[in-house]
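Shown next, in structure tokens, is the structure this report addresses.
Whatever order the structure lists them in is the order used to number ligands and atoms, beginning at 1.
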Amino acid sequence: MFSMDGKVALVTGGSRGIGRAVCEALAARGAHVVVNYVSDERAATETVERIASGGGRAEPMRFDVGDPDAVEEAVTRLHQRLGRLDVLVNNAGIARDALLLRVRPEDVAATWRINVQGALWCCKAAIRLMIRARRGRVVNVSSVVGETGNVGQSVYAASKAALIGLTKALAREYASRGITVNCVAPGLIETDMTAALPEEAKGAMIAQTPLGRAGKPEEVAAAVLFLASDEAGYVTGQVLRVNGGMYV
Ligand code: NAD
């Protein structure tokens, strides 16, 4: 089950954290993984090397998901060279937390540009190819706060809720072309993004989590792998929550 043999997958922001775990999970099942990164070439190379040392296939690819021309150019290049694109995982994201009265226009612009528009541009470039192939899998990485909201995260939560709307719209738009579009919505996961949170804030989130702990990137990756697989062919427009029961 969940074989990715012969498939090509593009994972945005794949150099570390959840993205890296997703790259490793897809590669372990046989996919050729394109590890997108925007600035940290060293981390992207390390991800590729980790995959190669386990016998998998991967390559790094630099582009900024928020730049529609760069996305189009990169996806076209990828397709010319590898001949197919079966899976797109929109994982790249940023969080600039602040109470509403301290939110700055540049925080809104940056968050929207990467979290929402970035996913949209990548979907546009990838789905164009998937339509021709009459098959494809898109998995967007949203967040529990896109459904619950959270103090200090109005901008981030709104962007993650937007991603759920994007997922549902595209699921309807491209179901007839054999393309499924789904979301995973992680709860608190141990990555660089959450390492910076004060212990008190993390403790409060864990206290609201019935499983009583933070999640691991690999646990999100397993859900992404399922949604990216052939076996998930009858699942589209869904939000798969990987949150330890924090929101049910
Ligand atoms: P992370 O900060 O380690 O990873 C985010 C990745 O996105 C980084 O590799 C970063 O370089 C990349 N990125 C940022 N801007 C980019 C751009 N313009 N183009 C390409 N890549 C770009 O954090 P993470 O925790 O691994 O987060 C991965 C995803 O999971 C994010 O979308 C995040 O919002 C989401 N998420 C995380 C948690 C959590 O608790 N860690 C919870 C819910 C959702």
Side-chain angles (χ1 to χ4, degrees), residues 10-25 34-48 60-75 88-97 107 109-122 125 139-150 153 155-164 166-167 183-198 201-202 204-206 208-209 213-221 223-224 239-244 246-247:
L10 169 62
V11 181
T12 69
S15 67
R16 66 183 202 191
I18 293 171
R20 173 179 279 180
V22 169
C23 289
E24 292 182 346
V34 179
V35 181
N36 160 254
Y37 68 101
V38 65
S39 58
D40 195 345
E41 188 175 359
R42 193 197 49 75
T45 305
E46 197 181 301
T47 303
V48 168
M61 184 177 259
R62 205 203 82 78
F63 65 88
D64 174 356
V65 298
D67 177 343
D69 294 335
V71 169
E72 200 60 51
E73 192 271 327
V75 172
L88 166 68
V89 181
N90 281 310
N91 165 78
I94 60 167
R96 292 197 181 171
D97 297 348
D107 298 328
T111 306
W112 231 257
R113 181 178 178 280
I114 295 167
N115 295 12
V116 184
Q117 290 166 212
L120 190 142
W121 300 134
C122 290
V139 184
N140 296 322
V141 182
S142 180
S143 167
V144 65
V145 304
E147 296 190 286
T148 63
N150 194 22
Q153 292 199 306
V155 179
Y156 179 72
S159 77
K160 292 299 185 179
L163 208 44
I164 293 173
L166 176 73
T167 300
C183 261
V184 291
L188 178 68
I189 309 296
E190 289 165 356
T191 67
D192 291 345
M193 185 180 270
T194 50
L197 288 175
K202 280 192 265 193
M205 290 173 93
I206 290 169
Q208 291 169 39
T209 304
R213 63 173 176 86
K216 296 182 183 3
E218 296 72 25
E219 292 173 313
V220 180
V224 174
V239 181
L240 178 47
R241 301 176 183 130
V242 187
N243 63 20
M246 187 193 275
Y247 173 66

Please set out all donor-acceptor pairs under 3.5 angstrom arising from side-chain atoms of residues 185-193, sequence neighbours excluded.
{"residue": "Thr191", "atom": "OG1", "partner": "Met193", "partner atom": "N", "Å": "3.2"}

Check your understanding: With sequence neighbours left out, what residues match Ser143 under side-chain hydrogen bond (donor to acceptor under 3.5 Å, both in side chains)?
Key -> none

Check your understanding: Does a donor on one side chain and an acceptor on the other come within less than 3.5 Å for Asn140 and Thr167?
Key -> yes

Review point. Which of these passes side-chain contact (heavy atoms from CB on, under 4.5 Å) with Val35: Val22, Thr45, Thr47?
Key: Thr47

Check your understanding: Are any non-hydrogen side-chain atoms of Cys122 and Thr12 less than 4.5 angstrom apart?
Key -> yes

Review point. With sequence neighbours left out, what residues match Gln153 under side-chain contact (heavy atoms from CB on, under 4.5 Å)?
Key: Asp97, Val145, Asn150, Tyr156

Review point. If you count only heavy atoms, which residues are under 4.0 Å from ligand 1?
Key: Gly13, Ser15, Arg16, Gly17, Ile18, Asn36, Val38, Phe63, Asp64, Val65, Asn91, Ala92, Gly93, Ile94, Ile114, Val141, Ser142, Ser143, Tyr156, Lys160, Pro186, Gly187, Leu188, Ile189, Thr191, Met193, Thr194

